There are 2 protein chains.
Amino acid sequence: MRARASRAPLFQIDMIKKAMAPKFERIAPDERRARLIEASITCLAKGGIQGFTVDNICHEAGTSRGLITHHFGSKNALLAAIYASIYGKVLENVARSEMTPQSIDELVEMIFRDSFLSREYLNVWLALWGEIAVNPALQVEHRKNYALYREHIARAISAFARGKGVKVDSYDVATILISLVDGLWLEQCIDQSLLSLDRAKDLCRRTLSAVLMGST
Amino acid sequence: MRARASRAPLFQIDMIKKAMAPKFERIAPDERRARLIEASITCLAKGGIQGFTVDNICHEAGTSRGLITHHFGSKNALLAAIYASIYGKVLENVARSEMTPQSIDELVEMIFRDSFLSREYLNVWLALWGEIAVNPALQVEHRKNYALYREHIARAISAFARGKGVKVDSYDVATILISLVDGLWLEQCIDQSLLSLDRAKDLCRRTLSAVLMGST
DNA sequence: CTCACTGTTGAACGGTTGTATAGTAAAACG
DNA sequence: CGTTTTACTATACAACCGTTCAACAGTGAG
């Protein structure tokens, strides 16, 4: 028997290696949380809030079903963490511009370059909006985040509006721009044949310059 | 025994009446479908797509659980019927204006008077958008409906733009206006403290007049 | 190497999901 | 008034939901 074992074919060795390999990876809680959030976003993108199930998420993340409760407490808490993660990156994007955009073109380009303004994230945003509107804790956080976001846009508008000698309420214009971008993006996501990304950008630029010029 | 029965107290008569009353109402299929659609919209508004369950809907409509399958075939078919019902009313609203709006104010007022642009319908729209983006049959129908909607808005814009002697691509302006309204409405729904309805209307009017004036 | 810590697993739970179906009864018809 | 039609109810079903929890095992400390 012992001799036979020593002549074991290679595939048996592979099987033994596989059997002896660790059954799971043990990583730092923060890293695991990040992976679960990433997997959740993938699930949300694929199936909307209906695809946002413990089974789906853990399968996507390659873990067992118990981990969500262990690391987040509940599925709802996970959704809140997803919101924080996504909005954090959105704010990063507008804050990252070391220099404030110097022209309308640059500003529009900055807003649209956001990676979360991609069609695959439509379902993610729909789910988040629905949750924010209902969840008071998220609503408070959203209010702060939105204010920060608009602050950045308004500052850029105010900067190059002053440069051109026009006088506008930069917060009003920022609100218009943000809403217009959201609306255009939404329609473009729902049916891409209605509107291309380039045309959406073009409409933004034209609207923005009209609003800035029209009010001397 | 017979004598005893003739002296039955009044509450017993009530109980007999109640027991003899029809156990359910038998109405025309179209009417029943309309009621189920109405109940579904209520459920969607209350709990989003998560509240859109057979149990919820039938309880809201006061029927048993079998009726959705019987009248619509499946729950998804019901959602499609809901879309058709809502978008039909939206189109009615813009078509109802016998006279095309003669000013920017009138146009903005016409768009915002739509009963479905109420905050309680946020969850309904979020659910519908998510479904349209995923369901090919709905997407085809939506493309036609959106085209009709934009056609109405564009015609109005073109009419009083010509009256003022300015020359614009009325479809571009209509797209801008619709997107802006959608975006402003969305932000206002998500957090009402950020934006009031009156301010949203005001921003619309100012944007629209700027776009129309700026291009001679 | 051994031990303790804790990240991770996986089964089990009560409850809910959408749909199919057999049977009931309301209402129209002759 | 009896008959027929079919809108409607009510149960059953398998699949799936989020959460709990006891046991397991990877990993670093000693």
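Here the structure is a predicted model, which means the values were calculated and not measured.
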Is A/Asp30 salt-bridged to A/Arg33, going by a charged N under 4.0 Å from an acidic O?
yes
Taking for each residue the nucleotide of DNA chain D with the nearest heavy atom, is it B/Gly66 or A/Thr69 whose nucleotide lies nearer the 5' end?
B/Gly66
Hey, which sits more toward the 5' end of DNA chain C by its nearest nucleotide, B/Asp55 or A/Gly62?
A/Gly62
D/dT6 C1' sits how many Å from B/Glu25 CD, rounded?
16 Å
Let me know the distance between CG of B/Leu36 and P of C/dG18, rounded to the nearest Å.
14 Å
Charged N-O contact under 4.0 Å between A/Asp105 and A/Lys201
no
Would you mind reading off the distance between A/Ile68 atom CD1 and D/dC21 atom P, rounded to a whole angstrom?
18 Å
A/Lys75 has an atom NZ; how far is it from atom P of D/dT20, in whole Å?
14 Å
Less than 4.0 angstrom between a side-chain N/O of B/Thr53 and OP1 or OP2 of C/dT17, yes or no?
yes
OP1 or OP2 of C/dG18 sitting under 4.0 Å from any side-chain N/O of B/Arg65?
no
Protein-nucleotide distance (A/Leu78, atom CG; D/dG18, atom P), rounded to Å
11 Å
Which nucleotide, C/dT19, C/dA26, D/dG26, lies nearest any side-chain atom of B/Arg26?
C/dA26
Would you say D/dC21 has OP1 or OP2 under 4.0 Å from some side-chain N or O of A/His70?
no
Between B/Arg35 and B/Glu31, is there a salt bridge with N-O shorter than 4.0 Å?
yes
Begin with the C-alpha distance, continue with both residues' side-chain angles, and end with the deciding distance and a verdict on salt bridge (charged side-chain N to carboxylate O under 4.0 Å, His left out) for B/Lys89 and B/Asp114.
CA-CA 9 Å; B/Lys89 284 177 190 162; B/Asp114 196 310; over 6 Å; no
Grab the CZ-C1' distance between A/Arg33 and C/dT6 for me, whole Å please.
13 Å
By nearest atom, which of the nucleotides C/dA26, C/dT19, C/dT9 is closest to the B/Lys23 side chain?
C/dA26
Checking all strands, does B/Phe72 fall into the base, sugar-phosphate, or nothing category for heavy-atom contacts under 4.0 angstrom?
nothing
Nearest to the side chain of B/Pro29, which nucleotide is it out of D/dA7, D/dC17, C/dA20?
D/dA7
Taking only N and O in the side chain of B/Ser64, is any of them less than 4.0 Å away from OP1 or OP2 of D/dC8?
no
When rounded to whole Å, the CD1 to C1' distance for the pair A/Ile27 and C/dT6 reads 14 Å
Separation of atom CD in A/Glu31 from atom P in D/dT27, rounded to whole Å:
14 Å
Residue pair B/Tyr146, A/Glu187: steps toward the side chain to side chain donor-acceptor pair (under 3.5 Å) verdict:
CA-CA 10 Å; B/Tyr146 182 85; A/Glu187 325 243 310; 2.6 Å; yes
